[in-house]
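Worksheet: the structure to be examined is printed underneath.
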There are 2 protein chains.
Amino acid sequence: MDLNKPYLSRKNGDLWLTEDEYDNLKVSYRIKDVIYDQKSSCQDVMILDSYNFRRMLVLDGVVQTTSVDGHIYNEMISHVPMSIHPNPQKVLIIGGGDCGVAKEVAKYEGVEHIDMVEIDELVVKACIEHLPEVSGRLADPRVHYIFDDGVKFAASKKKEYDLIIVDSSDPIGPAKVLFEQSFYESLHEALKDDGMMVCQSQSPIFHADVMKQSYKRISGLFPEVKMYTAVVPTYPGGLWSFTIGSKQHIKPNASKVRDKNTKYVNEQIVESCFSLPQFIKEML
Amino acid sequence: MDLNKPYLSRKNGDLWLTEDEYDNLKVSYRIKDVIYDQKSSCQDVMILDSYNFRRMLVLDGVVQTTSVDGHIYNEMISHVPMSIHPNPQKVLIIGGGDCGVAKEVAKYEGVEHIDMVEIDELVVKACIEHLPEVSGRLADPRVHYIFDDGVKFAASKKKEYDLIIVDSSDPIGPAKVLFEQSFYESLHEALKDDGMMVCQSQSPIFHADVMKQSYKRISGLFPEVKMYTAVVPTYPGGLWSFTIGSKQHIKPNASKVRDKNTKYVNEQIVESCFSLPQFIKEML
């Protein structure tokens, strides 16, 4: 195990992970144990056991999801659009290597087919084996794993999906292309005539420029656009934004999320998540 | 200026503040400049200019409020109860040394008298002079500053206030007593027959025990109790809880917050903030 990484350090005998994504803010987590540590062709993949957030998926030194709060992001990016589309049968997930989004979407019986296009097979393997709280050790026959470039895959599809969920990491490194105009255009083409897309559109505080750009680009393509927020404690600043672009449907039917065994989402959250703080409304 | 403090360090020529409140999580802010640095009889009071959050009030090494996100906490603890009480004329603020809560409450013309009881005069002086984005250099004749122990002050009052806002720091050190049963009892007695109180009830993630205890204690005293949340980026985990205990009124009249020059609060936020994530509902 190679602990000689810039984001790992030892202090008084304890191992610490320090996220190095921001120049002016550093968050450090005390680590109990290194569970998994491999280099894929894309990135450095680790599963660390932390004191506060238990097991965490860490890519190139940045926390992506944890046993303690990973469900918040995965539930919010899945159940909110699932409550809006009246009958999503064919779903495409781009990214989502921790399998949490596929796990949430698979809770809906009406879903017949889920394509999950993740560029890094190692992430999926690591999370299925070592991060069961997030991945649920997903083994649903409706989920089809495709280990490929999500941009290329989406561009090859025409009017095929009811719902596309873009579960990307931050717009640096491999995920940068998932925030570009041409990518949103190909999603629009890959969707059926009443299809819809959702993406994580970053922090309204730390990446307001990315958030505004995503909203603007999606607004230029889809007649119905809505932003919503949730709080993800292990993302900087906590507050996180999601943007829906829809060809037709936009009103949530909150009762659809009932009895879905969720820990963050419920009917009131699905309805209230679209109430944006004043500073975000003014940005858009 | 004494920079020989355990929570300040230099790295490659840069000054960093590292909050040392949690054993397993450390947040570090890169600091441009030390604006103010004094020791009061209660605590170590600093105003630091940071890169991400501009000026920050730091007490004993813990960030209390900042120029960038301080308004979120101050608006949420003020405007939500102000929208519920139909005619709050006399308001008591316990703590609130940064003056942000008093500034928000003073935006309501119907308010005739605000008592602000802060134990540390130095905090008020520092914030009025060096943290104008939060304090607004508050100089409203309706605001009466009382530099005293909030517990003792509240215990001396009977049926006097329409609204009491407890703007405390964390339940360690001087603020510990502001989370105790006997304190909530004295607030109940200090309120008029249709009065209400609100307090910050800590993080549902990092201090779930304190949050549940506050909710339970307040529920035992007031017929109407409601919890709401907001996202405060400089508080650990981002998600923060507030608890209202009311003798009578409990339904917000959201239109009251209109045109109050707020940056986070608006009518939709006042109505949606009571929609709690499923894990909090299950805790209560």
ask   = Hey, which residues of residues 251-276 of chain B are touching chain A, say heavy atoms under 4.5 Å apart?
value = B/Thr262, B/Lys263, B/Tyr264, B/Val265, B/Asn266, B/Gln268, B/Ile269, B/Ser272, B/Ser275, B/Leu276
request  = Can you check whether anything in residues 50-84 of chain B gets within less than 4.5 Å of chain A, heavy-atom wise, and list it by number?
outcome  = B/Tyr51, B/Asn52, B/Phe53
query = In terms of heavy-atom proximity below 4.5 Å to chain A, should B/Ile205 be classed as side chain, backbone, both, or neither?
reply = side chain
remark   = Counting heavy-atom pairs under 4.5 angstrom with chain A, the leader among B/Gly238, B/Pro233, B/Ser203 is B/Pro233
ask   = Taking only residues two or more places apart in sequence, or in another chain, which ones meet A/Lys26 in a side-chain contact (heavy atoms from CB on, under 4.5 Å)?
value = A/Thr18, A/Asp20, B/Trp16, B/Ser28
request  = Name all residues meeting the salt bridge (Lys or Arg N to Asp or Glu O under 4.0 Å) criterion together with A/Asp49; count only those two or more places apart in sequence or in a different chain, and write none if there are none.
outcome  = none
inquiry  = Is B/Tyr235 close to chain A through its backbone or its side chain, or both, or neither, when contacts mean heavy atoms under 4.5 Å?
reply    = neither
inquiry  = Only pairs of heavy atoms separated by less than 4.5 Å count here; which of B/Leu17, B/Val27, B/Leu25 has the most with chain A?
reply    = B/Leu25
